[in-house]
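Counting begins at 1 with the first residue of the sequence. Bear in mind the structure is a predicted one, so any value in this text is a computation, not a measurement.
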Amino acid sequence: MKRYLITGASRGIGRAIAEKLAAPEITLLLHGRDTVALGQVCETVKPRCAGVVRLIHDLATASGVSDLIATVGNDPLDLLVNNAGIAVVKPFGEITPIEWEQTLGVNVTAPFLLTQRFAPEMPPGASIVNILSVAAKTGFANWSAYCMSKFALEGLFQSVREELRDRRIRVINVYPAATNTEIWNNVEGNWPRNKMISAEQVASAVVYALSRPADVAVESITLSSAAGNL
């Protein structure tokens with residue numbers, strides 16, 4: 001039996017990954033903050049997998065991360081998907097200290113702490129998937145906090161990848177362009193969501209990378225709309 005932990009699984013890319021990975025030999029540990037939305041995801045995947053563990057925790061706080069770690073327990077993970085993230089979109093001069101700390105907490109510190117805790121027990125052939133963004137490589141006006149967090153993860157997991165190579169643990173970084181998820185509901189402006197890639201397309205790329213033989217690592221996946229990065 002394999003155990004997969006996916007953060008931010010209540011909607012968007014995380015939900016799409018959970019739905020595509022559900023299988024009879026898999027126990028899914030699904031994290032989210034929205035109790036109702038996460039419950040719906042769990043009910044959807046439950047008939048198709050060995051088990052589902054619902055994890056309602058706020059990754060912006062140290063106590064939320066430690067509570068999640070305690071609930072996951074000591075049994076090894078075969079897959080960790082660092083997907084949960086928040087986006088503060090405003091001119092850098094208007095970002096509050098609280099917004100900055102929340103962005104760091106969810107987007108950077110939580111993936112670091114989860115990886116630091118679970119990687120040591122992961123077996124050879126296990127994988128760590130990080131949902132980054134094209135914003136991990138390019139800065140965008142009014143997205144400074146978000147870009148900062150994704151650039152930080154890029155550096156962190158390039159280094160972690162090298163440290164885990166000898167143990168044959170794959171570190172897969174995914175760089176989607178603008179993806180049509182609920183995150184845009186809270187971003188001001190007229191965004192061409194019909195031109196964005198879908199969460200299901202990102203999830204399909206993740207599943208492809210995970211389906212490669214254990215000695216093959218698809219380490220970087222960049223996904224863009226034919227219309228370009230929006």
Side-chain angles (χ1 to χ4, degrees), residues 1-88 102-103 105-115 117-118 122 126-133 146 149 174 176 178-187 193 196-207 210:
M1 197 68 62
K2 293 186 176 182
R3 302 205 318 151
Y4 293 176
L5 170 58
I6 304 170
T7 66
S10 56
R11 52 176 53 89
I13 294 172
R15 174 173 186 157
I17 292 173
E19 291 178 349
K20 288 185 180 295
L21 290 179
E25 72 280 5
I26 304 299
T27 294
L28 290 175
L29 300 97
L30 303 181
H31 157 268
R33 287 189 302 167
D34 186 326
T35 304
V36 174
L38 186 62
Q40 292 172 345
V41 178
C42 291
E43 288 304 312
T44 298
V45 301
K46 190 175 181 179
R48 295 187 281 122
C49 56
V52 180
V53 178
R54 191 182 311 186
L55 303 163
I56 308 290
H57 302 284
D58 183 0
L59 298 186
T61 67
S63 60
V65 177
S66 59
D67 288 346
L68 183 150
I69 288 173
T71 305
V72 170
N74 296 321
D75 290 339
L77 295 177
D78 298 277
L79 172 66
L80 168 61
V81 180
N82 290 309
N83 168 71
I86 61 173
V88 175
Q102 287 178 332
T103 301
V106 177
N107 294 8
V108 182
T109 304
F112 164 71
L113 292 174
L114 294 177
T115 304
R117 168 61 185 85
F118 295 120
M122 294 177 88
S127 298
I128 298 168
V129 173
N130 304 297
I131 305 300
L132 299 179
S133 166
Y146 184 76
S149 66
V174 185
T179 306
N180 188 12
T181 66
E182 291 85 347
I183 196 172
W184 297 99
N185 296 343
N186 301 315
V187 179
R193 294 176 66 164
M196 296 179 181
I197 60 176
S198 69
E200 289 71 23
Q201 290 166 330
V202 179
S204 293
V206 170
V207 171
L210 294 173

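Distance check, rounded to the nearest 0.5 Å: CE of Met1 to SG of Cys49 gives 10.0 Å. Annotation: the span from Asn107 atom CG to Gln102 atom CD amounts to 10.5 Å, rounded to 0.5 Å. Distance check, rounded to the nearest 0.5 Å: CG of Leu29 to OH of Tyr4 gives 12.0 Å. Thr35 OG1 to Gln40 CD: the interatomic distance, rounded to the nearest 0.5 Å, is 11.0 Å. The CD1 atom of Ile26 sits 7.0 Å away from the CG atom of Asp78 when rounded to the nearest 0.5 Å. Taken from CG in Asp67 to CD1 in Ile56, the straight-line distance is 12.5 Å, to the nearest 0.5 Å.
Side-chain contact check for Arg3 versus Val72: some heavy-atom pair is nearer than 4.5 Å. Counting heavy atoms from C-beta outward, Val206 and Lys20 have side chains that stay 4.5 Å or more apart. Taking the side chain as every heavy atom from C-beta outward, Tyr146 and Thr103 never approach each other to under 4.5 Å. Two residues are said to be in side-chain contact when any heavy atoms from C-beta on lie closer than 4.5 Å; Leu113 and Leu59 fail this criterion. In this structure the side chain of Glu19 reaches within 4.5 angstrom of the side chain of Val45, judged on heavy atoms. Between Val41 and Leu30, some side-chain heavy-atom pair lies under the 4.5 Å cut-off. Counting heavy atoms from C-beta on, the side chains of Val129 and Ile17 never come closer than 4.5 Å. Put simply, the side chain of Ile13 does not reach to within 4.5 Å of the side chain of Val174, judged on heavy atoms.
Across all their heavy atoms, Leu28 and Ala18 have their closest contact at CD1-O, 3.7 Å. Contact detail for Pro176 and Ile131: the closest heavy-atom pair is CG-CG2, 4.3 Å. The nearest pair of heavy atoms linking Ala50 to Pro24 is CB-O, 3.3 Å. The two atoms that bring Pro111 and Val106 nearest to each other are CD-O, 3.4 Å, heavy atoms only. Nearest heavy atoms, Val52 versus Cys42: CG1-SG, 3.5 Å. In terms of heavy atoms, Arg11 sits closest to Ala37 at NH2-CB, 3.8 Å.
Taking a 6.0 Å sphere around CZ of Arg117, one finds it holds more than 12 heavy atoms contributed by other residues, nucleotides or ligands.
Looking at His31, its side chain does come within 3.5 Å of a backbone N or O of Gly8 through a donor-acceptor pair. Between the Asp58 side chain and the Ala60 main chain, a donor and an acceptor come within less than 3.5 Å of each other. Side-chain N or O atoms of Thr7 include none that pairs as donor or acceptor with a backbone N or O of Asn82 at under 3.5 Å.
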Would you please test Thr44 and Arg15 for side chain to side chain contact (heavy atoms under 4.5 Å, CB included) and show each step?
CA-CA 10 Å; Thr44 298; Arg15 174 173 186 157; 3.6 Å; yes

Please step through side chain to side chain contact (heavy atoms under 4.5 Å, CB included) for the pair Leu79 and Lys2, ending with a clear verdict.
CA-CA 8 Å; Leu79 172 66; Lys2 293 186 176 182; over 6 Å; no

